[in-house]
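In this text the structure is predicted, and so the values were computed from the model without any measurement. Sequence lines set the chain letters: A, B, ... in the order given, protein chains first and strands last, and positions in each chain run from 1.
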2 protein chains.
Amino acid sequence: MTIHLTAFHQQADRMAPAPLAFFAPGEEIYAQGERCGSLYRVEFGAVRVYRLLADGRRQISAFYLAGETFGFEADDTHHFFAEAINATGIQVLRKAHGANLASELLPLALQVLVRAQEHMLVLGRQNAVERIAVFLTEMSERQGGLRLIELPMSRTDIGDYLGLTIETVSRAFTKLKQSGVIKLQGLRNVEIVKWQVLSDMAS
Amino acid sequence: MTIHLTAFHQQADRMAPAPLAFFAPGEEIYAQGERCGSLYRVEFGAVRVYRLLADGRRQISAFYLAGETFGFEADDTHHFFAEAINATGIQVLRKAHGANLASELLPLALQVLVRAQEHMLVLGRQNAVERIAVFLTEMSERQGGLRLIELPMSRTDIGDYLGLTIETVSRAFTKLKQSGVIKLQGLRNVEIVKWQVLSDMAS
DNA sequence: GCCGAAATTCGGTTTTATCCTAAGGGATAT
DNA sequence: ATATCCCTTAGGATAAAACCGAATTTCGGC
């Protein structure tokens, strides 16, 4: 199968074209220790990239939504696991060795880098409610700044992203709900009622 | 002052050469919000890159030692602060727009990225002693895997890097000392006595 | 070698999030 | 429609780190 890429999402369009790959909920995209030679662009669905400690503690380093690219590594080995959160379509971009390839990859990598560095402040220095506030703000911005946001991931995933337990995540949601900052319509749909308050909480 | 770059540290040697800049202890290299157009390579000394919350809470995203390059940003604005920890010499690499420039920068940026992502696991999921163990292991590896390592930064800096208070850092050091895993010769010199134990603690 | 300021360590208390258990809701399959 | 399972919420006890105050050590300057 050959797909002709024409400034698709204006991202990484010089990479070797590849078929769209489908992943079921929870399905592994790659594992830590595997050799890597590709990047991955989410077409639809959502992905979690994470690392594990020997005893099972998990830290999700990032979620990736439609249009976003992941899979950057410093050497030829994956240092993380990647899984589809729900039914997900992914464009696999095999690495070629073109001259100006890096110049297209660098901006994408730098965006991931800055986001990672900013997330360190959250993990290292913010309390539970602040972390949830940051998370909801982030998700909203990445979904176009809407007041109504959809969370593709479970509370456990959110906890493992924010360095919290599921109970603490749940309690923080409850607090935000009770103070009228957000409303929940089902578990996965959040309405941000008081944007400014939420934004201030995130500092 | 002109310095001729000849594959110096085999890093970023195609960038526009620039004079070596000296910074006093605590001196600011750049600030959040400033425009950026350069990268920085540490020649000697050490640098902390950090972010602040409104109330002063600080998270150091990384330390940079001799030979390492920092200052990567996703756009034309600095999102972090950078300061010299002690007397530091820095090569300022003005950004040029050469064709194969990005291909030399990308590996450096990716190394910073992977390190940042790995640090998230520490901040999100590891306890105080584990964090110190990780930190000492890291510092040792970055100084060539020696048993005797030098810490250029204060306990406060270490705390702000590991998401701990200075008291907790101090107590963790005390525990490692009492269990015979490390020895301290002064505040800034650590001897790793039981490498394997320390390494296991870091998980 | 001594002195003084600053940094670090120490002790005790408080706070916060975790841990553990159990009850409640939602989605899916029957 | 209903039963079942899994995820989520809730409640209370526990533990870990933060907070506060004070003693001690370290290190640069004299």
For [X] and [N], what is the distance between atoms [atom1] and [atom2] respectively, to the nearest whole Å?
{"X": "M153(B)", "N": "dA6(C)", "atom1": "CE", "atom2": "P", "value": "22 Å"}
{"X": "I158(A)", "N": "dT8(D)", "atom1": "CD1", "atom2": "C1'", "value": "11 Å"}
{"X": "K175(B)", "N": "dC10(C)", "atom1": "NZ", "atom2": "C1'", "value": "13 Å"}
{"X": "K177(B)", "N": "dT9(C)", "atom1": "NZ", "atom2": "P", "value": "6 Å"}
{"X": "I132(B)", "N": "dA16(D)", "atom1": "CD1", "atom2": "C1'", "value": "15 Å"}
{"X": "F173(A)", "N": "dA10(D)", "atom1": "CZ", "atom2": "P", "value": "13 Å"}
{"X": "R155(A)", "N": "dT9(D)", "atom1": "CZ", "atom2": "C1'", "value": "10 Å"}
{"X": "L164(B)", "N": "dT9(C)", "atom1": "CG", "atom2": "C1'", "value": "16 Å"}

Report all side-chain donor-acceptor pairs from residues 25-37 of chain B shorter than 3.5 Å, counting only partners two or more places apart or in another chain.
unit_1, atom_1, unit_2, atom_2, d
E27(B), OE1, A24(B), N, 2.7
R35(B), NH2, D76(B), OD2, 2.5

What residues form a side-chain hydrogen bond (donor to acceptor under 3.5 Å, both in side chains) with R58(B), not counting sequence neighbours?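 Expected list: D157(B), D160(B).
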Kindly write out the residues that satisfy side-chain hydrogen bond (donor to acceptor under 3.5 Å, both in side chains) with T165(A), not counting sequence neighbours, or none if the list is empty.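 Testing T165(A) for side-chain hydrogen bond (donor to acceptor under 3.5 Å, both in side chains), a comparison that skips the adjacent residues, returns E167(A), T168(A).
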Which residues satisfy the side chain to side chain contact (heavy atoms under 4.5 Å, CB included) test with [X], sequence neighbours excluded?
{"X": "D55(B)", "result": "L53(B), R57(B)"}
{"X": "E191(A)", "result": "L148(A), K183(A), Q185(A), V193(A)"}
{"X": "Q178(A)", "result": "T174(A)"}
{"X": "L146(A)", "result": "none"}

Among all residues two or more places apart in sequence or in another chain, which pass the ring-ring contact (aromatic ring centres under 6.0 Å, His included) test with F23(A)?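 In terms of ring-ring contact (aromatic ring centres under 6.0 Å, His included), with neighbours along the sequence ignored, F23(A) is linked to no residue.
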Considering every strand and a 4.0 Å limit on heavy-atom distances, what is the contact class for T165(A): base, sugar-phosphate, or nothing?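 Sugar-phosphate: the residue T165(A), judged by heavy atoms under 4.0 Å, touches backbone atoms but no base.
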Looking for any heavy atom pair under 4.0 Å, which part of the strands does G159(A) touch: base, sugar-phosphate only, or nothing?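 If one applies the 4.0 Å heavy-atom cut-off, G159(A) turns out to touch nothing in the nucleic acid.
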Compare side-chain N and O positions of S170(B) against OP1 and OP2 of dT9(C) and report whether any pair is under 4.0 Å apart.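 So the side-chain polar atoms of S170(B) do come within 4.0 Å of the phosphate oxygens OP1 or OP2 of dT9(C), strictly under.
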Does dA10(D) have its OP1 or OP2 closer than 4.0 Å to a side-chain nitrogen or oxygen of T174(A)?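 Yes, such a contact exists.
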By nearest heavy atom, map R188(B) and G163(B) onto DNA chain D; which one lands nearer the 5' end?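 The answer here is G163(B).
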Given the rule that a pair is Watson-Crick or G-U wobble with both distances under 3.5 Å, how would you write DNA chain C in dot-bracket, using | for pairs to a different strand? ||||||||||||||||||||||||||||||
Of the listed nucleotides dT8(D), dA18(D), dT8(C), the one nearest the side chain of I166(B):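 Out of dT8(D), dA18(D), dT8(C), the nucleotide with an atom closest to I166(B)'s side chain is dT8(C).
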Sort me out a list of protein N/O and nucleotides 20-30 of chain C N/O pairs below 3.5 Å, or just none if empty.
unit_1, atom_1, unit_2, atom_2, d
dC20(C), N4, E167(A), OE2, 2.8

I158(B) and F173(B): CA distance, side-chain angles, deciding distance, side chain to side chain contact (heavy atoms under 4.5 Å, CB included) verdict: CA-CA 11 Å; I158(B) 297 174; F173(B) 268 101; 4.3 Å; yes
According to the ring-ring contact (aromatic ring centres under 6.0 Å, His included) rule, which pairs have a member within residues 106-133 of chain B, sequence neighbours left out?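 Output for this query lists H119(B)-Y161(B).
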Would E150(A) and R188(A) pass as an ion pair if we require N to O under 4.0 Å?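 Answer for the salt bridge query: no.
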Using a 4.0 Å cut-off on heavy atoms, which residues in residues 120-131 of chain A reach DNA chain C? List them by number, or say none.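 Output list: N127(A), A128(A).
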Parallel, tilted or perpendicular: ring planes of Y50(A) versus F81(A), cut at 30 and 60 degrees: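 The rings of Y50(A) and F81(A) lie parallel, inter-plane angle below 30°.
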